[in-house]
There are 2 protein chains.
Amino acid sequence: MRFHRHACITRDGGLTHERRRIVNAIPTVYDVAERSGVSIATVSRVYRSPDSVRAATRERVLAAASELGYVPSGNARGLASRSTGVLGLCFPDYSDPDTVGAEDDDAAMLYSDQIIRGMERAARRHGYALLIAASLAGGPESLVAQVAGRVDGFAVMARTVPTEELEAISRRRPVVMLAGPRAQDPSLDHLDHVEVANEDGQYELTRHLVHDHGLRRLAYVGLVDDSPDVEARFRGFRRACVEAGVEAGVEASVAPALRMPMMTQAEGARAARLLCEGSGERPEAFVFANDQMAVGALQELERRGLRVPDDVVVTGFDGIPLSRMVRPALTTVRQPMVRMGEEAVDLLVQRLSGRPPQEPVSLMLPVSVARRASCGCEETTVLPTVV
Amino acid sequence: MRFHRHACITRDGGLTHERRRIVNAIPTVYDVAERSGVSIATVSRVYRSPDSVRAATRERVLAAASELGYVPSGNARGLASRSTGVLGLCFPDYSDPDTVGAEDDDAAMLYSDQIIRGMERAARRHGYALLIAASLAGGPESLVAQVAGRVDGFAVMARTVPTEELEAISRRRPVVMLAGPRAQDPSLDHLDHVEVANEDGQYELTRHLVHDHGLRRLAYVGLVDDSPDVEARFRGFRRACVEAGVEAGVEASVAPALRMPMMTQAEGARAARLLCEGSGERPEAFVFANDQMAVGALQELERRGLRVPDDVVVTGFDGIPLSRMVRPALTTVRQPMVRMGEEAVDLLVQRLSGRPPQEPVSLMLPVSVARRASCGCEETTVLPTVV
DNA sequence: GTGAAAGCGCTAACAG
DNA sequence: CTGTTAGCGCTTTCAC
């Protein structure tokens, strides 16, 4: 038989509560119940379904709770009700030993920041809080496992959680994958998935360069081997080139030297240098797989006295705020990251709502090409019209 | 007597586990224990203190856990161990009905973003995850209460949580206040506190304008009534003015019209308009209480054909990324927001470490004045050297 | 090194 | 509308 507080009083002469008060311990339902002269069930009801309690009783309980400084234990609640009211997000650990405290690091994190923002906003709308953690080394006691064990639903950015761990987690709770390709692995093909139209976006942008600006020699920079997103972008680039009959440029563009390992501004600058000093003719356009690199290239080109877009066209991908701020403003493909976070939450909430479980959902969010000055579509102004 | 799983087996003919497996329910310690032929205590030990279990046993347990897809329940853990491994943050709800989806909203949130980033990073270092929630309407079932009941420690941005609620929370768990003034309220004076040197920063900046640039007519914009941070900045501004003997300018600057309710770009533009069209002589410098407004003013001034800094000097406060991107780059006071988040976590972790409880700590983080083009200290370049 | 058993604080039937 | 009671899944003494 469990010794409830009531039993304790009989058992140890009622000292329990005295001691509690003296050491200023954390008040529980039992304390509130006793102080307001009701049962713990009623205290619970006051919080869970206030309308099911008579107004006078409710007042009394609330008063006692307030006097005691009572805050319900989320753990006990979660354990008893089998739900936490918390959604989780696991994102890549961007902390780069080389860039501790550097601004570049800041920019790199914008991607996760936006997703966090979107998820937080949507979660709030549904009454959920958001638990976030960067993925670190795995293992039984990893932060990821910690988080996974405390949430009702879990969003995971691509390649941040090992397949096996993810499989276990998804057995417990709904999981949605963010970015990356739809999991091919059969053990994960039941997961919902949200991605952006990487290939189509890069295709549209490239087509714009080839078709509208008449460019023929394009170089693509940023084919990181293990990033499916970048792979998809490259496919889009290639498709547009092939359609326009500019294959040669394509082949030249995937020289190993241009597989940037980090996709940082520094790497973008390096790529621009290589492209300018290369043996063959300089490409007419540098097509970067992200904005970071493109911005780095912009700087390198300025250093070399080359004008953008007159001497060479530069484009990025992502549509980070910075892309609009640099001069010339960067032509790029805008990804709706905030919306991605929101969609992820909506998907999770839907699964949690207990409606008839449906087939795994895979959303592909549309992107939009922002035609700005760096491809020659917009005048270069001195002061950006922000807002 | 509690019916443990063992008892259940006797009780219902061992169906419990069968059913569990069939409905693919969430595996628990009991399942892992049974499958690996040990007691639940041992399963627990494998996770909590692996070294206290014989290697062979450990392997067996881990294997079973993996086959079952076992993930420990954070709730049960937290309840039993009285700690969650999670820190919380409550920040203001910036969502403005007027700016849904607008870019301005984005910029406004940068402040919280940075703090989130700092806290996440520091929390991770200490093995904690971060639970975040914007403050909404209070009440017993508010998100804030939800969060407070699930964390080991709680950081709260100024004026996001009602005093009474905060008092209750701080009785349970360590709380650190971010920004704002040190709580004057005696019920909250035991809280740790982290702020930045608002007054000194604005003083330095103003002194720079008066002393180094010889400006005499300064207008201050942004005295929101209930923001202690802005109040402090204004005090710094006034002190510098008084010291330099330019009181008149000060008085004029606090006209009610210039008490901006929102501190947005739009408001900054409006303030610039008022200042330009005002009856008296136009001030030589517009000193804004944040970067947002200053950027708005920059745009309004360009619209009116006024050159910055030649015709009028403009300064901001915060040092958001945008301040460096606009042309002319904004002279401003940089606040170390990321560091603020990190300090908050360090403070919480220290309190949680169980060391001899010390006096409440109040940190005032130093700021630095970024002298850029908008006050005439730096050349206006076309392409910002980002990085 | 391992097991048995007592809760952690709350929710959710189920009675009344 | 309110009280009783049996757990939720795990950690943690205390024995062996």
Side-chain angles (χ1 to χ4, degrees), chain A residues 1-8 11 16 20 25-34 36-58 60-61 65 68 70-85 141 145-146 149-150 172, chain B residues 1-8 11 16 20 25-34 36-61 65 68 70-85 141 146 149-150 172:
Chain A
M1 182 68 73
R2 175 202 156 117
F3 288 100
H4 282 175
R5 290 296 204 294
H6 304 313
C8 288
R11 197 172 152 227
T16 305
R20 288 195 143 255
I26 297 169
T28 73
V29 266
Y30 291 94
D31 302 308
V32 176
E34 184 184 317
S36 51
V38 299
S39 73
I40 61 164
T42 298
V43 175
S44 177
R45 283 192 195 101
V46 166
Y47 288 88
R48 305 297 305 162
S49 49
D51 296 335
S52 71
V53 178
R54 201 198 313 159
T57 315
R58 198 192 317 137
R60 215 148 24 92
V61 170
L68 257 28
Y70 170 68
V71 179
S73 154
N75 285 323
R77 265 196 182 174
L79 186 55
S81 68
R82 296 131 166 297
S83 81
T84 64
E141 285 301 76
Q146 250 239 58
R150 322 195 64 88
R172 240 181 116 87
Chain B
M1 181 69 72
R2 177 204 156 116
F3 288 100
H4 281 177
R5 291 296 203 291
H6 304 313
C8 287
R11 198 172 152 226
T16 306
R20 285 194 146 257
I26 298 170
T28 72
V29 267
Y30 292 95
D31 303 307
V32 177
E34 184 184 317
S36 51
V38 299
S39 73
I40 60 164
T42 298
V43 174
S44 177
R45 286 191 193 102
V46 165
Y47 287 89
R48 307 297 305 162
S49 49
D51 295 334
S52 71
V53 177
R54 202 197 313 159
T57 313
R58 198 193 316 140
E59 298 304 311
R60 214 146 27 89
V61 170
L68 256 29
Y70 170 67
V71 179
S73 153
N75 285 323
R77 262 195 183 176
L79 186 54
S81 68
R82 297 129 168 296
S83 82
T84 65
E141 284 302 78
Q146 252 239 56
R150 320 194 66 88
R172 238 181 116 87

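The structure displayed is predicted, hence computed values, not measured ones.
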*asked:* Check the phosphate of D:dG9 against B:T28, side-chain N and O only, distance under 4.0 Å to OP1 or OP2. Yes or no?
replied: no

*Under 4.0 Å: is that the gap between some side-chain N or O of B:R82 and OP1 or OP2 of D:dC10?*
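Negative; the distance criterion is not met.
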
Starting at [atom1] of [X] and ending at [atom2] of [N], how long is that distance when rounded to a whole Å?
X: B:L79; N: C:dA6; atom1: CG; atom2: P; result: 17 Å
X: B:R60; N: C:dG3; atom1: CZ; atom2: C1'; result: 14 Å
X: B:R150; N: C:dG9; atom1: CZ; atom2: P; result: 15 Å
X: A:D51; N: D:dC1; atom1: CG; atom2: P; result: 9 Å
X: A:Q146; N: D:dC10; atom1: CD; atom2: C1'; result: 14 Å

*Looking at CG of A:N75 and CZ of B:R77, how far apart are the two atoms once the value is rounded to the nearest 0.5 Å?*
11.5 Å

*asked:* Can you tell me how far apart OG (A:S36) and CZ (A:R58) are? Round to the nearest 0.5 Å.
replied: 13.5 Å

Search all heavy atoms of [X] against all heavy atoms of [Y] and return the closest pair with its distance.
X: A:A33; Y: A:S39; answer: CB-C, 3.8 Å
X: B:T57; Y: B:V38; answer: CG2-CG1, 3.8 Å
X: A:T84; Y: B:Q146; answer: O-OE1, 3.4 Å

_A:S73 side-chain N/O to A:A76 backbone N/O, donor-acceptor pair under 3.5 Å_ = yes

*Could you run down nucleotides 11-16 of chain D 5' to 3' and tag each one B, S or - for protein heavy-atom contact under 4.0 Å?*
BBB---

*asked:* Counting only heavy atoms and a strict 4.0 angstrom limit, can you tell me which residues of residues 52-59 of chain B come near DNA chain C?
replied: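 Residues of residues 52-59 of chain B under 4.0 Å from DNA chain C: B:S52, B:V53, B:R54, B:T57.
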
*Could you tell me which residues satisfy side-chain contact (heavy atoms from CB on, under 4.5 Å) with B:V29, sequence neighbours excluded, listed by chain and number?*
B:I40, B:V43, B:Y70

*List the steps and the verdict of side-chain contact (heavy atoms from CB on, under 4.5 Å) for B:V53 and B:V61.*
CA-CA 10 Å; B:V53 177; B:V61 170; 5.9 Å; no

